[in-house]
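Here the structure is a predicted model, which means the values were calculated and not measured. Scope of the values below: all heavy atoms of this structure, side chains included, with no hydrogens, waters or symmetry mates.
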Amino acid sequence: MQYLFIAAELSENINKLYLKDSEAEPADYRFQLKCTNCGEDAQKVVTFNAHEKQELAGGKGEASFVMKCKFCESSNSIVASVFEEGLFCQQSENVDITKRKKANLNGNKIDINDWAALLQLDCRGWEITGYEFDQSPFAVELSSGSTMDVQFDEDGTWYDYDDEAGEEVSITDFKFKVIKAK
Ligand SMILES: [Zn+2]
């Protein structure tokens, strides 16, 4: 199982950074992939979400994403599920420790308390090697209760102005990592 984690520096007036994601309007993720069978990179960036599913060939259930490797022709797939709601200003207070323990995400090897595990990825034959986060529909919930859409620059920053509160809003140092767990 792989997990997509995000972290960032949020300005004090941001309560939460999250994806606008629902069954009715699924958030698309754009990923770069590598085939674990032959080790070749998939030649295009792929898009899928955590809500829509496709049938696997031969009645083997369903997956969020299905694509044959062009090089070794292995039939690879990924099942994506929403894991945590978003990145909070007080992230460690908002983490469900029990849920993380069950997913084996609480090892001592990695300090992930300041990170949010957005997505659980059951990858069969694909490994995630890149995530185009600036193409995902991120939004913030402000401490005033209002929300704003976020459009990241490629370097993981976003600056805007909350007209209602008369304050600047910013995110800097956005980063992601994909962690493998059992
Ligand atoms: Zn392959």
Side-chain angles (χ1 to χ4, degrees), residues 1-8 16-88 91 94-139 149-150 152 174-182:
M1 201 69 79
Q2 296 178 41
Y3 292 83
L4 173 68
F5 278 84
I6 62 162
K16 182 174 73 173
L17 170 66
Y18 63 99
L19 271 165
K20 294 198 291 181
D21 187 22
S22 65
E23 294 253 16
E25 279 184 75
D28 277 337
Y29 290 82
R30 284 169 62 79
F31 287 116
Q32 284 140 20
L33 305 175
K34 174 194 240 178
C35 175
T36 55
N37 189 43
C38 69
E40 291 287 343
D41 290 330
Q43 284 169 318
K44 58 174 187 183
V45 176
V46 304
T47 303
F48 58 88
N49 65 68
H51 299 284
E52 293 164 327
K53 299 279 190 286
Q54 304 174 38
E55 293 281 327
L56 290 172
K60 291 180 189 165
E62 48 184 23
S64 312
F65 173 76
V66 183
M67 188 172 83
K68 244 186 197 181
C69 172
K70 274 195 174 168
F71 298 93
C72 71
E73 303 212 319
S74 152
S75 292
N76 300 344
S77 63
I78 298 174
V79 180
S81 333
V82 175
F83 192 76
E84 289 177 351
E85 195 189 336
L87 179 70
F88 290 83
Q91 177 62 18
N94 286 285
V95 165
D96 182 343
I97 300 290
T98 312
K99 188 177 182 184
R100 282 196 172 193
K101 270 191 181 157
K102 272 189 195 158
N104 277 306
L105 288 176
N106 282 53
N108 298 324
K109 280 182 237 161
I110 33 177
D111 176 18
I112 49 173
N113 287 332
D114 295 332
W115 296 71
L118 286 188
L119 211 56
Q120 185 183 55
L121 297 148
D122 186 359
C123 295
R124 295 158 196 171
W126 291 121
E127 182 182 329
I128 309 269
T129 53
Y131 167 43
E132 297 191 348
F133 62 88
D134 55 339
Q135 304 293 316
S136 285
F138 280 100
D149 288 350
V150 173
F152 282 113
F174 178 96
K175 47 197 177 183
F176 70 88
K177 57 184 170 186
V178 178
I179 287 174
K180 284 183 200 169
K182 273 179 201 167

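- Aromatic ring orientation, Phe133 versus Phe176: tilted (interplanar angle from 30° to 60°).
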Set out, in order, the CA-CA distance, both residues' side-chain angles and the distance that settles side chain to side chain contact (heavy atoms under 4.5 Å, CB included) for Phe152 and Glu132, then state yes or no. CA-CA 10 Å; Phe152 282 113; Glu132 297 191 348; over 6 Å; no
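- In this structure, Phe31 and Tyr131 have tilted ring planes: the angle between them lies in the 30° to 60° band.
- For the atom pair NZ (Lys177) and CH2 (Trp115), the distance works out to 4.5 Å, reported to the nearest 0.5 Å.
- Using a 4.5 Å heavy-atom cutoff, the side chains of Ile128 and Leu4 are not in contact.
- Counting only heavy atoms from C-beta outward, the side chains of Lys53 and Ser64 approach each other to under 4.5 Å.
- Counting heavy atoms of neighbouring residues, nucleotides and ligands inside a 6.0 Å radius, atom NZ of Lys101 does not exceed 12 of them.
- Summarising the geometry, atom CZ belonging to Phe48 is positioned 5.5 Å from atom CG belonging to Leu121; distances are rounded to the nearest 0.5 Å.
- Within the 4.5 Å cutoff, the side chain of Ile6 has heavy atoms near those of the Leu17 side chain.
- Taking 4.0 Å as the cut-off between side-chain N and carboxylate O, Asp28 and Arg30 do not count as a salt-bridged pair.
- Every residue two or more places apart in sequence or in another chain that forms a side chain to side chain donor-acceptor pair (under 3.5 Å) with Lys20 is listed here: Asp149.
- Scored by the salt bridge (Lys or Arg N to Asp or Glu O under 4.0 Å) test, Asp96 finds no partners at all (sequence neighbours excluded).
- Shown here for Asp114 and Ala7, the closest heavy-atom pair between the two residues is O-CB, 3.9 Å.
- Across all non-hydrogen atoms, the minimal contact from Cys72 to Cys35 is SG-SG, 3.7 Å.
- When each of Leu56, Thr36, Val66 is tested with Arg124 by the rule side chain to side chain contact (heavy atoms under 4.5 Å, CB included), just one qualifies, namely Leu56.
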- Worked verdict on Phe5 versus Leu105 for side chain to side chain contact (heavy atoms under 4.5 Å, CB included): CA-CA 11 Å; Phe5 278 84; Leu105 288 176; 4.0 Å; yes
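- When all heavy atoms of Gly125 and Asn76 are compared, the pair lying nearest together is O-ND2, 3.1 Å.
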Practice problem: Please lay out, stage by stage, how Cys69 and Trp126 fare under the test side chain to side chain contact (heavy atoms under 4.5 Å, CB included). | Solution: CA-CA 9 Å; Cys69 172; Trp126 291 121; 4.1 Å; yes
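- Looking at every heavy atom in both residues, Thr129 comes nearest to Leu33 through OG1-N, 3.6 Å.
- Taking the centre of each ring, Phe174 and Phe138 come in below the 6.0 Å mark.
- In this structure, Ser77 contributes its side chain and Ala63 its backbone to no donor-acceptor pair below 3.5 Å.
- Taking each heavy atom of Phe83 and Gln120 in turn, the nearest pair found is CB-N, 4.0 Å.
- Under the rule for a side chain to side chain donor-acceptor pair (under 3.5 Å), the partners of Glu52 that lie at least two apart in sequence or sit in another chain are Asn49.
- Taking each heavy atom of Ala50 and Leu119 in turn, the nearest pair found is CB-CD1, 4.0 Å.
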**Prompt:** Does the pair Tyr3 and Ile112 meet the rule for a side chain to side chain contact (heavy atoms under 4.5 Å, CB included), with working shown?
**Reply:** CA-CA 11 Å; Tyr3 292 83; Ile112 49 173; over 6 Å; no
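- Residue pairs satisfying the salt bridge (Lys or Arg N to Asp or Glu O under 4.0 Å) criterion with at least one member in residues 59-84, sequence neighbours excluded, are listed as follows: Glu84-Arg100.
- In this structure, Phe88 has no ring pair (Phe, Tyr, Trp, His ring centres under 6.0 Å) partners at least two apart in sequence or on a different chain.
- Between the side chain of Asp21 and the backbone N or O of Ala27, at least one donor-acceptor pair lies under 3.5 Å.
- Listed by chain and number, the residues in a ring pair (Phe, Tyr, Trp, His ring centres under 6.0 Å) with Tyr18 amount to none (sequence neighbours excluded).
- With values rounded to the nearest 0.5 angstrom, Met1 atom CE is found 13.5 Å from Lys180 atom NZ.
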